[in-house]
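Numbers restart at 1 for each chain; the letters A, B, ... are given by sequence-line order, proteins then strands.
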Amino acid sequence: MMMHWLNHQSQAFQSVLARMRQNIAATLMICLVIGVTMCLPSLFYLGLDGLSKLSNHLHQETEISVFLKLEASKNTVDEIDALLAKNSQIQAYHFVGKDEAWQQLKSKANNTANEVINQLEKNPLPDAFFIQAKSTDPEALEALRSELQNTPGVAQALLNADWAKRLASLLSLSKMLIIFISLLLAIVLLVIIGNTIRMQILTQKEEIEVSYLIGATHRFIRTPFLYAGLLYGLFGALLAILMMTGMVLAFNYAIASLSHLYNSDFQLPLMHSKLYLTLICTAMFIGLAGAYFAVTRTLEKIVKAQTSL
Amino acid sequence: MMMHWLNHQSQAFQSVLARMRQNIAATLMICLVIGVTMCLPSLFYLGLDGLSKLSNHLHQETEISVFLKLEASKNTVDEIDALLAKNSQIQAYHFVGKDEAWQQLKSKANNTANEVINQLEKNPLPDAFFIQAKSTDPEALEALRSELQNTPGVAQALLNADWAKRLASLLSLSKMLIIFISLLLAIVLLVIIGNTIRMQILTQKEEIEVSYLIGATHRFIRTPFLYAGLLYGLFGALLAILMMTGMVLAFNYAIASLSHLYNSDFQLPLMHSKLYLTLICTAMFIGLAGAYFAVTRTLEKIVKAQTSL
Amino acid sequence: MIQLDQVTKRYPSSDEVLKNVSLHIEAGELIYVTGHSGAGKSTLLKLIAATERPSSGTVLIANQNTSQLKPSAIPFLRRRFGLIFQDHKLLYDRNCFENVILPLHINGITGLEAAKRVRAALDKVGLLHKEKAMPITLSGGEQQRLAIARAVVSRPSILIADEPTGNLDASYAAEIMSIFHAFHQVGVTVIMATHDALSQHGAQNRVLHLTQGRLTEHKAQGLT
Amino acid sequence: MIQLDQVTKRYPSSDEVLKNVSLHIEAGELIYVTGHSGAGKSTLLKLIAATERPSSGTVLIANQNTSQLKPSAIPFLRRRFGLIFQDHKLLYDRNCFENVILPLHINGITGLEAAKRVRAALDKVGLLHKEKAMPITLSGGEQQRLAIARAVVSRPSILIADEPTGNLDASYAAEIMSIFHAFHQVGVTVIMATHDALSQHGAQNRVLHLTQGRLTEHKAQGLT
Ligand SMILES: Nc1ncnc2c1ncn2[C@@H]1O[C@H](COP(=O)(O)OP(=O)(O)OP(=O)(O)O)[C@@H](O)[C@H]1O
Ligand SMILES: Nc1ncnc2c1ncn2[C@@H]1O[C@H](COP(=O)(O)OP(=O)(O)OP(=O)(O)O)[C@@H](O)[C@H]1O
Ligand SMILES: [Mg+2]
Ligand SMILES: [Mg+2]
């Protein structure tokens, strides 16, 4: 029994392989379509992944500047320091003392500004903390800012929020776009694989009919189609991975120039084993499911035609 | 003869319509796939279009600030004003006099700054021009800046170039992405339509064979398939337009919130008649071409099988 | 073995093709079904092979009512039959050998044993030299013989043949008939629709004659 | 009208099916082609209908050499023929009426005229009441008659029929034969492959007999 089952499986598998070899052009075309269709959402995923990584790199841009009161004592500074250290919303911060700031201003100042500075008798600058928040969400940042504003000893908390707002909008827009497109592509993929299997079944409809007429069970008829579905999925996914690798290589060049602007050596990863595994499994599953439904529907039609009164 | 031709055309057309009505589910599925596949590059095109429009809105961000020397006379200001007015690279500019700037500073200044300002005896601010360039290209901007820097009477020309650089990189990245994806989708589209027609031919292979055996000319056999190709293209394109309209409506909401940040009421256009026309024509052409090649190949195979020695 | 009881068959959009047919066939019989074109011969054979169900009445095969059979049980019932269809129903995308081996694969017989039986069946119908040929390259009569080889290869206990000699000249027809008779000799039930060739062997066998859907029965008398 | 000169036919991967066949057929003749299964009857008819080309030798039809015909000229040659194939070659996705009207459409005849001729042809083979039926729902003999209706509907000047009565019982076969003879009476050339039914009408007609690819000719003597 076990032997018989194994025999049937291997024979079905071989017949599918032989059929694919015979129609190698058609098989390649189908795998190409599946590959391209799988490739796109994966690329988008990689892109989104990259975007959110880039947005981490951009974190430093969403800084909150906390200026203390001019008369703030060393004690107040320490208190605020302790407060910031405890705040879980803060990723990092650094302190710039009033003297340090004064020195910096003097050394950096250009001609015009120098004249102004030189006219000042004493240091007009306050102590300041420069804070990087964990979130890039504009509302969270605003909440944090007003919390800091209300801390005793703080003269003013300023939020450099414009960039954060823009980035957040861009990201949410991109995410929306990617979800939409992935949805569309999922439909396309299902229809394509379904169509492919339907076409396969169309060319083998006689075979199914005759086999059923001379006593084949549903399982016997179904098996080769399931293997075909699996193999289409597998080959399609492998092709998708190949294409993605090529494209990632191409894009890394472009992205490198962008990353450079943000002072990072950000790159899209070439080997993304988890994504690749998901891709292969999903493709094989869709292939299997598509084949199963297509062949079951055809079988049901044939059975029904034979049981009509 | 003319009558005969017309008769044949209308009869072929009707038989195609009847066949499509019979297999309405399959027909819809095929149109859906074509629609989705056509929809994606069009959406990308719309997106790119939108991006470059947005980038025009962002122009104002890429400002060059030209500070004149403190001792610049009314004459020098007028000379530079005339120079700027003549410069073809400049889109717009406005002048802020030193007194105006001083007033603005005083009125805007916060507590801390006020103390600094109040300690100043005289206005330390120079006259300034704020210039919007036509280009957003970082290199062109840099060239313009150094040109302005070297104008007599100018103390310093500053370029707020970071944002411009980033935007340019983003745009070029997006363009590259869109071209890549459109290319992939073009392949998918061709394969899908080709496959569809091949499938159609597969189900009608006997019809083709028998027709040829009993004296049908190639043209007679080809006509209905050409109509089918045309119709698939047309329906697919119409579906694509429908989907795009829906998506544009959805996105306009998201984009509105983004545009708001840039102080513009930017929207993607709902009726994009030129794009829609291109879409329909392209789809019908691809449908026609796919059908023509598929049916010609099948015919050649049949003819060859009959002329073998 | 096979029992039809008051069977009526009506296709969608057709009149009654079979009217009130009752019939009993014992194991090991050799039966001819005759009648005009369109009389219902093929329909009767389809009912017996459980590829059609009666509109009313019951069809019992080995005491199983085909109308009440679960879909999953039908394949196993069909494996008892060797079916020869009027339109051959060969698979044109595989060669003769692969066509004939199909029923063996369905029965779970593979490997050398299967190949041996396929060759034996092909030899019986005179097509051993065409083993590798595609069915489309066979002449009409050769296709018919290939269909016969496929039906007998799995050694079914019931052979149902729908005009198996329709496309054959007299000498081949006689040969094929003697194959069927040889099967009959070793205990196989043979049911055959035909409109000729009853002359040689028909003398001791039952002949079911269909006229406008009604069954009459008589012993063969060598109709020509 | 039709002339074969030293024609040899070999299929890829087959021996010579026809060997050195020479043959002359005048317009208006009625010709039977007989021979064993696999003797080459269908092959001979295919050569005449220009659906196969000879491996060597020439086939002239109305003084046109089929081997040298341009592909674009072949359809117009074929419209002279009414072809009845051994395997019917009906289209199973359209009904009887649509099957029969196809040759008329190919000839550019549409509308009421076409419908009238289709009904006349269906009536001739006794299938007028099945006009709307799909071929798959027809019995074997009915399908054969439908194929005949399709062949004669465009009133061809040459009728080529490959075993047109193979699936028919004697009375229908006689009826069909008389249809062919009626066509012959009005001047149509009829070429028919057959292995039976020569008894009734064959007396004054030529019979081409094929044995292992070689042609011998004699007047029909009422073979049974
Ligand atoms: N699936 C079907 N649907 C509708 N009508 C059918 C179907 N199958 C057969 N018929 C009709 O039933 C009648 C009997 O058909 P059947 O095939 O049983 O005839 P038959 O005796 O085998 O004839 P033949 O000798 O020509 O093969 C015919 O008139 C046919 O048109
Ligand atoms: N397309 C083909 N390719 C290869 N061999 C072929 C092809 N067509 C026919 N043959 C072979 O040529 C031989 C003659 O075939 P043909 O169909 O002419 O026989 P026939 O006289 O019509 O026989 P039947 O009475 O059985 O129809 C057969 O052995 C057949 O296998
Ligand atoms: Mg029948
Ligand atoms: Mg033949």
If you check every heavy atom in residues 121-140 of chain D against those of chain C, which residues fall under 4.5 Å?
->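 Counting heavy atoms that sit under 4.5 Å from chain C, the residues of residues 121-140 of chain D involved are D:Ser139, D:Gly140.
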If you check every heavy atom in residues 142-151 of chain D against those of chain C, which residues fall under 4.5 Å?
->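 Within residues 142-151 of chain D, the residues under 4.5 Å from chain C are D:Glu142, D:Arg145.
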Any side-chain heavy atom of [X] within less than 4.5 Å of one from [Y]?
{"X": "C:Leu208", "Y": "C:Ile191", "value": "no"}
{"X": "D:Lys9", "Y": "D:Ser55", "value": "yes"}
{"X": "D:Leu30", "Y": "D:Phe180", "value": "no"}
{"X": "D:Asp162", "Y": "D:Ile84", "value": "no"}
{"X": "D:Ile106", "Y": "D:Arg79", "value": "yes"}

Just how far is it from atom CD of C:Glu98 to atom CG of C:Asp93, taken to the nearest 0.5 Å?
->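 With rounding to 0.5 Å, CD (C:Glu98) is 9.0 Å from CG (C:Asp93).
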For chain C, the option from D:Gly40, D:Gly141, D:Ser42 that forms the most heavy-atom pairs under 4.5 Å =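 Result: the option with the highest number of such pairs is D:Gly141.
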Within 6.0 angstrom of [X] [atom1], more than 12 heavy atoms from elsewhere:
{"X": "D:His184", "atom1": "NE2", "result": "yes"}
{"X": "C:Gln185", "atom1": "CD", "result": "yes"}
{"X": "D:Arg80", "atom1": "CZ", "result": "no"}

Between chain D and each of C:Lys41, C:His36, C:Glu163, C:His88, count heavy-atom pairs under 4.5 Å; write down the option with the most.
->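 Most pairs with chain D among the choices: C:His36.
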Identify the heavy atoms of C:Ile2 and C:Ile48 that sit nearest to each other, and give their distance.
->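 Scanning both residues completely, I find the closest heavy atoms to be CD1-CG2, 3.8 Å.
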